[in-house]
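In what follows, a single structure is set out as structure tokens and then discussed.
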Amino acid sequence: MNGPETESLDFVRQIVADDQSNGKNEGRVHTRFPPEPNGYLHIGHAKSICLNFGIAERFGGLCNLRFDDTNPEKEETEYVEAIQEDIRWLGFDWQDRLFFASDYFEQLYLWALELIRQGKAYVCDQTAEEVREYRGGWNQPGRESPFRDRTVEENLDLFQRMKAGEFADGEKTLRAKIDMNSANMNLRDPAMYRIRHVAHHRTGDAWCIYPTYDWAHGESDSIENITHSICTLEFENHRPLYDWYLEMLGAHHPQQIEFAKLVLSYTVTSKRKLLELVKGEYVDGWDDPRMPTLSGFRRRGVTPESIRNFCNAIGVTKFNSLTDLALLERSIREHLNQITPRVMGVLDPVKVVIENYPEGEFEMRDAINNPEDESAGTRQVPFGRELYIERSDFMEDAPRKFFRLTVGREVRLRYAYFLKCESVVKDEQGEIVELRCTYDPETAGGKAPDGRKVKGTIHWVSAAHAVDAEIRLYEHLFTQENPADVPEGMDWKELLNPDSLKVLTGCKLEPSLAEARPGDRFQFERNGYFCVDSKDSTADQPVFNRTVALKDTWSKVQKKQS
RNA sequence: UACCCGGUGGUGUAAUGGCAACACUUCUGAUUUUGGUUCAGACAUUCAAGGUUCGAGUCCUUGCCGGGUAACCA
């Protein structure tokens with residue numbers, strides 16, 4: 001008998017699978033996604049969300065949403081709401097398990113008192129500068145704080161007074177008493193609490209001492225009965241501290257597992273940089289379609305399925321890689337190809353007059369809505385004497401490989417007739433303003449009864465029926481493949497692509513698009529995938545965002561020739 | 001300089017001591033009323049050197065290269 005298809009698991013899922021089959025945590029699997037509400041979610045977070053929620057799903061477990069809100073200076077309710085919307089949009093559900101680290105401030109405080117009683121934590125009066133100095137360096141052991149040996153009673157008293165607000169910001173900290181000689185800097189008596197007289201977005205003025213990440217995170221995991229605490233590589237050196245706190249407390253001890261975060265080419269996912277792009281108005285906001293944020297992708301027309309599919313495809317490892325944006329684009333095209341209705345839209349119009357087509361007369365042509373999906377049916381598109389076609393679909397001195405329109409040559413108008421260009425009308429500047437053409441009435445539907453063939457098929461829109469629209473074309477946000485590699489002496493923002501947004505006005509769309517609603521997605525045949533902008537589009541002034549262009553073999557041929 | 005973690009085609013991953021596999025990109029060709037889609041084909045001596053083994057991408061040693069780490073950020 002043949003063995004079952006062996007499913008290949010990434011190393012995190014392998015650990016979880018082993019733990020489950022070994023009966024660890026009674027076979028229970030419980031993960032969490034722990035964003036800090038200090039910015040919007042981006043594509044890197046999507047990888048983590050898909051991992052955490054995906055593992056819960058795969059192993060019959062649960063995944064919590066927990067906001068890591070231990071630093072009131074940077075965190076805001078706006079972000080809390082946006083983050084939830086983005087996760088739901090991505091397609092994941094935390095059900096009733098919405099938590100906040102700030103929910104655990106009281107428990108954390110009680111645990112801190114316990115560590116003090118154990119002699120494992122002390123109140124330190126050193127300034128931030130002194131702490132840094134005493135910590136030592138990689139080749140230099142740390143020195144113990146002069147406050148390290150305070151008695152339990154004194155520590156208890158001082159810590160309670162810290163909480164009561166008797167001290168100013170930065171005047172005292174609570175520190176874990178571990179090892180000032182550790183090779184791991186995180187173990188050189190790390191801070192557990194700092195004093196900040198700042199209102200918290202949820203607890204208001206209830207607290208003026210706030211726990212640090214290391215102190216709050218593992219303990220929050222423990223409280224929520226998490227089994228596998230999955231985080232990114234930069235926390236690898238924190239794991240001994242994560243473990244230390246939990247061991248001292250004798251509390252439920254989740255396993256921290258670190259994986260490499262996503263780095264995508266031609267964009268940045270540093271929250272600091274994204275925030276700077278927004279605040280500095282280099283982009284239109286967190287949901288600017290050029291942003292790698294989930295809200296940016298959503299506004300651009302990307303589907304959540306594409307993003308999930310992408311996250312699935314890139315895998316999970318501990319290797320710091322640079323993922324090619326082409327992989328994400330491939331995912332986007334793949335899904336959009338399946339689901340989007342086809343329409344005709346001319347981005348850069350030039351007028352065609354069909355001299356032998358009667359003036360003032362129109363007819364309806366049948367067009368297929370989606371060749372990938374027969375159930376999408378057909379629609380009718382008006383055709384008449386005056387049309388718009390794409391300026392780039394005509395060339396005066398056409399090279400041999402140019403299959404489109406040129407004087408004296410025939411092309412097919414998609415779903416309509418063969419069209420032949422007779423002459424070109426130009427203005428004083430030599431700019432083409434009109435193409436005088438004739439059509440062959442025998443070729444209705446695009447086939448010639450005499451069997452003659454045309455090499456090219458181009459799209460068109462009836463001038464009398466066209467819907468005018470604004471179209472926004474997007475390119476990479478950065479000119480450099482890895483914008484994190486900033487050349488010496490250069491500001492990273494100089495790497496921003498000046499052509500990342502191109503606004504086209506006076507675009508001509510087929511009349512069915514008058515019905516399009518914000519968020520609706522289409523394939524403009526031969527151009528790309530577009531969606532109605534959710535912020536700026538109105539019935540009178542429709543605005544479309546290009547999600548991604550269609551693959552374009554012709555532009556490659558052209559590039560090779562020049 | 002210390003500690004931790006990595007290294008498989010151009011890119012991302014798989015191979016759990018037994019024929020280096022898949023996807024993307026690129027290139028060729030076929031099909032096509034979208035220069036889209038689809039289909040077929042091409043593209044690697046697994047960072048290096050030693051060792052263990054009948055057999056090593058995988059295990060061991062050393063070296064090389066890359067990343068992370070010295071916030072009262074997360």
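First the proteins, then the strands, lettered A, B, ... as listed; each starts at 1.
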Ignoring the backbone of [X], work out which of [options] is nearest its side chain.
X	options	answer
A/Ala128	B/rC72, B/rU34, B/rG12	B/rC72
A/Ala183	B/rA2, B/rG36, B/rG68	B/rA2
A/Asn320	B/rC73, B/rG35, B/rG67	B/rG67
A/Ala326	B/rU34, B/rG35, B/rU25	B/rU25
A/Lys318	B/rG6, B/rG35, B/rU1	B/rG6
A/Lys551	B/rA2, B/rA74, B/rU25	B/rU25

Query raised in the report: Does the side chain of A/Tyr40 come within less than 4.5 Å of A/Pro35's, by heavy atoms?
Result: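 Not touching, per the 4.5 Å side-chain cut-off.
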Using the [atom1] atom as the point on both nucleotides, what is the distance between [M] and [N], in whole Å?
N	M	atom1	result
B/rC27	B/rG10	C1'	12 Å
B/rG9	B/rU26	C1'	12 Å
B/rA20	B/rU61	P	27 Å
B/rG35	B/rA30	C1'	15 Å
B/rG63	B/rC5	P	16 Å
B/rU32	B/rG67	C1'	48 Å
B/rC39	B/rC22	P	15 Å
B/rU46	B/rU8	C1'	4 Å

Is [X] near enough to [N] that one of its side-chain N or O atoms lies under 4.0 angstrom from OP1 or OP2?
X	N	result
A/Thr212	B/rA74	no
A/Lys271	B/rA74	no
A/Arg196	B/rA71	no
A/Arg135	B/rC72	yes
A/Thr317	B/rU13	yes
A/Ser321	B/rU13	yes
A/Arg526	B/rG35	yes
A/Arg272	B/rC73	no

Hey, would you say the [X] and [Y] ring centroids sit under 6.0 Å apart?
X	Y	answer
A/Phe544	A/Phe524	yes
A/Phe100	A/Phe67	yes
A/Tyr109	A/Tyr193	no

Are the ring of [X] and the base ring of [N] both nearer than 5.5 Å at their centres and tilted by less than 30°?
X	N	value
A/Trp138	B/rU69	yes
A/Phe319	B/rG7	no
A/Tyr213	B/rA74	no

Strand partner of [N], provided both Watson-Crick or wobble distances fall under 3.5 Å:
N	value
B/rC73	none
B/rA40	B/rU28
B/rC3	B/rG68
B/rA49	B/rU61
B/rC22	B/rG12

Query - Heavy-atom donor-acceptor pair, A/Asn312 side chain to A/Arg308 backbone, under 3.5 Å - result: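 Answer holds: no.
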Report task. Please report, rounded to the nearest Å, how far the P atom of B/rU34 is from the OH atom of A/Tyr529. Result ->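 Value for this atom pair: 13 Å.
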Query raised in the report: Ignoring hydrogens and angles, does a donor from either the side chain of A/Asp324 or the base of B/rU11 sit under 3.5 Å from an acceptor on the other?
Result: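 Looking at the base of B/rU11, it does not pair with any donor or acceptor on the side chain of A/Asp324 (distance under 3.5 Å).
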Query raised in the report: Do the side chain of A/Arg342 and the base of B/rU34 come within less than 3.5 angstrom through a donor-acceptor pair of N or O atoms?
Result: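 Such a pair is found, so the answer is yes.
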Requested in this report: Please figure out whether A/Asp552 or A/Thr173 has its closest RNA chain B nucleotide nearer the 5' end.
Outcome: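 Looking at RNA chain B, the more 5' nearest nucleotide goes with A/Asp552.
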Report summary line: Ranking A/His238 and A/Leu322 by the position along RNA chain B of their nearest nucleotide, the one closer to 5' is A/Leu322
Query raised in the report: For A/Lys261, does the NZ atom sit with more than 12 other heavy atoms under 6.0 Å from it, leaving out its own atoms?
Result: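 No.
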Query - Electrostatic pair A/Asp440:A/Arg452 at N-O distance under 4.0 angstrom - result: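 Yes, charged N to carboxylate O under 4.0 Å.
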